[in-house]
Amino acid sequence: MSDAPTVTRPAPAEIAPPLALLAELTHRCPLRCPYCSNPLELDRASRELSTEEWKRVFSEAAALGVLQVHFSGGEPTARRDIVELVAHAAKVGLYTNLITSGVLLDKNNMAALTAAGLDHVQLSFQDTDAANADRIAGLDKAHWKKLAAAKLIRDAGLPLTLNAVMHRQNLDRLPEMIELAVALGAQRLEVAHVQYYGWALPNRRALFPTYEALERATEIVEAARARLKGVLTIDYVVPDYYARRPKACMGGWARQFINISPAGKALPCHAAETLPGFDWPSIKTTSLRDVWYGSEAFNRYRGTAWMPEPCRSCDRREIDWGGCRCQAFEFTGDASRTDPACALAPDRPILDAARADALGPATEFVYRQIGGAPAR
Amino acid sequence: MAEARRLIVEGATVLRIPPHVKFRYDETRRRWVVLAPERLLLPDDLSVEILQLVDGKHSLDDIVDALMAKFSAQREEILTDVRALLQDLADKGTLTA
């Protein structure tokens with residue numbers, strides 16, 4: 001049982017130390033985006049880790065070799081101790097990145113976060129059209145607050161990345177989104193087509209773009225990359241449903257990342273809690289070192305030994321690491337199958353059917369809320 | 001708002017590591033690392049030598065001269081390699097003027 005303390009072992013030579021910690025401080029968020037990557041079952045505030053527990057996690061992470069911490073959520077600034085947590089992470093030598101909606105930032109907490117040693121902010125935008133942006137976020141005046149937040153971040157001298165999740169209901173304004181990133185002084189822009197996990201799954205028909213729209217977006221990004229070289233770096237993520245090869249999800253299971261849920265479960269990715277049959281270690285009872293090197297959950301799909309065919313003999317097995325375990329489970333009921341996002345996967349017809357379904361008649365948004373998605 | 005422009009790295013260009021980029025020795029991995037927004041670099045030995053000279057004082061020409069004294073290679077050759085590295089890092093905002 002993984003909750004019981006395990007004997008601390010020396011680091012096995014073949015397992016590299018983790019690079020980054022994703023600290024999901026809370027599932028609370030003023031926004032209600034219908035593509036939220038949080039699980040449908042959200043952790044309630046009363047189950048969240050304490051300040052001291054998080055600080056211990058950051059200290060253990062630094063000692064383990066983690067280099068970067070991403071403060072995420074939910075909305076991480078909804079935690080009253082966010083400044084204290086950033087300060088502690090910076091003190092133990094971690095590179096600190098705040099992933100935020102920006103709607104709770106003001107002059108005071110921005111100054112405090114900067115003084116605490118915050119290194120970088122990633123700010124989300126839902127659209128460039130204010131009314132549509134607020135409708136997607138499910139929050140009045142959200143867009144206006146985000147514009148103000150971007151200015152606060154830049155005025156504080158911090159580097160800014162804009163995160164733009166793109167889909168059927170905002171993709172037409174991709175050129176304006178790129179211009180907004182430049183105008184706000186962002187150094188990076190993430191153009192991320194929705195991936196269909198968490199809340200995005202019940203909203204698939206409201207969000208999924210046509211192939212033609214995706215191709216147009218890809219052309220726009222490529223042209224902007226050339227035009228804005230040295231001014232704006234654009235990261236681009238295409239939806240798995242149109243992929244021929246799967247994405248290297250998290251850079252491979254338990255190869256680079258440790259995700260800590262608000263309640264303290266250690267996971268190889270933020271969606272992994274949807275996988276049944278796992279005894280996820282809790283950082284309340286297990287050290288981060290034992291989570292990384294010793295836990296059955298982190299070792300189960302690590303490396304290539306677990307792989308079925310066609311992955312096992314594929315020359316890309318150490319490039320895409322078999323794709324995404326959560327997607328394999330979602331489509332096949334077995335997390336150890338090849339991700340159907342790969343054109344070589346025996347289960348590829350299931351993904352083709354999902355794509356056809358996603359292109360069906362559009363549905364209304366199911367907004368993110370505590371208590372899960374209502375049954376249709 | 002002034003239009004942002006690409007920084008072109010030339011012989012007289014003096015670059016520095018901005019405050020939000022951390023270039024440090026990592027005890028766990030026993031190697032130098034560069035930590036930048038959403039980016040992590042594990043520079044090889046030559047890149048480490050170059051980055052240690054990127055200090056807001058040395059120009060590209062200065063850096064090339066310093067490396068000339070250490071490595072037996074043609075100046076043009078070193079210049080081409082160093083400029084390519086610094087231009088790439090400047091393009092990604094990892095180094096600034």
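In what follows, chains are A, B, ... by sequence order, proteins preceding strands, each numbered from 1.
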Looking at side-chain heavy atoms only, is the closest gap between A/His120 and B/Val21 below 4.5 Å?
->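 Sidechains of B/Val21 and A/His120: no contact.
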
Can you find a heavy atom in the side chain of A/Leu67 that is under 4.5 Å from one in the side chain of B/Asp26?
->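 With C-beta onward as the side chain, the pair touches.
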
Select one option (side chain, backbone, both, neither) describing which atoms of A/Ala63 are under 4.5 Å from chain B's heavy atoms.
->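 The answer is the backbone of A/Ala63.
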
Within 6.0 angstrom of B/Asp45 CG, more than 12 heavy atoms from elsewhere =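 No, the 6.0 Å shell around CG holds no more than 12 heavy atoms from other groups.
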
Residue B/Arg30 excluded, over 12 heavy atoms near CZ under 6.0 Å |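 Count not over threshold, so no.
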
Look at the side chain of [X] and the backbone N and O of [Y], then say whether any donor-acceptor pair between them is shorter than 3.5 Å.
X: A/Tyr95; Y: B/His20; answer: yes
X: B/Arg29; Y: A/Ala16; answer: no
X: B/Arg5; Y: A/Val231; answer: no

Apply the side chain to side chain donor-acceptor pair (under 3.5 Å) test between B/Glu38 and each candidate in A/Asn97, A/Thr233, A/Thr161; give the one that qualifies.
->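 That would be A/Asn97.
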
Reported CG-to-CG distance for the pair A/Leu232 and B/Asp91, which is rounded to 0.5 angstrom =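 Separation between the atoms: 12.0 Å.
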
Shortest non-hydrogen contact between B/Pro37 and A/Gln187, atoms and distance |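 That closest heavy-atom pairing would be CG-OE1, 3.8 Å.
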
Over all heavy atoms of both residues, which pair between A/Gly65 and B/Thr28 is shortest? Give the atoms and the distance, please.
->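 Closest approach of A/Gly65 to B/Thr28: CA-OG1, 3.4 Å.
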
Counting heavy-atom pairs under 4.5 Å to chain A, which of B/Asp88, B/Ile8, B/Leu40 comes out on top?
->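 With the most close heavy-atom pairs to chain A, the winner is B/Leu40.
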
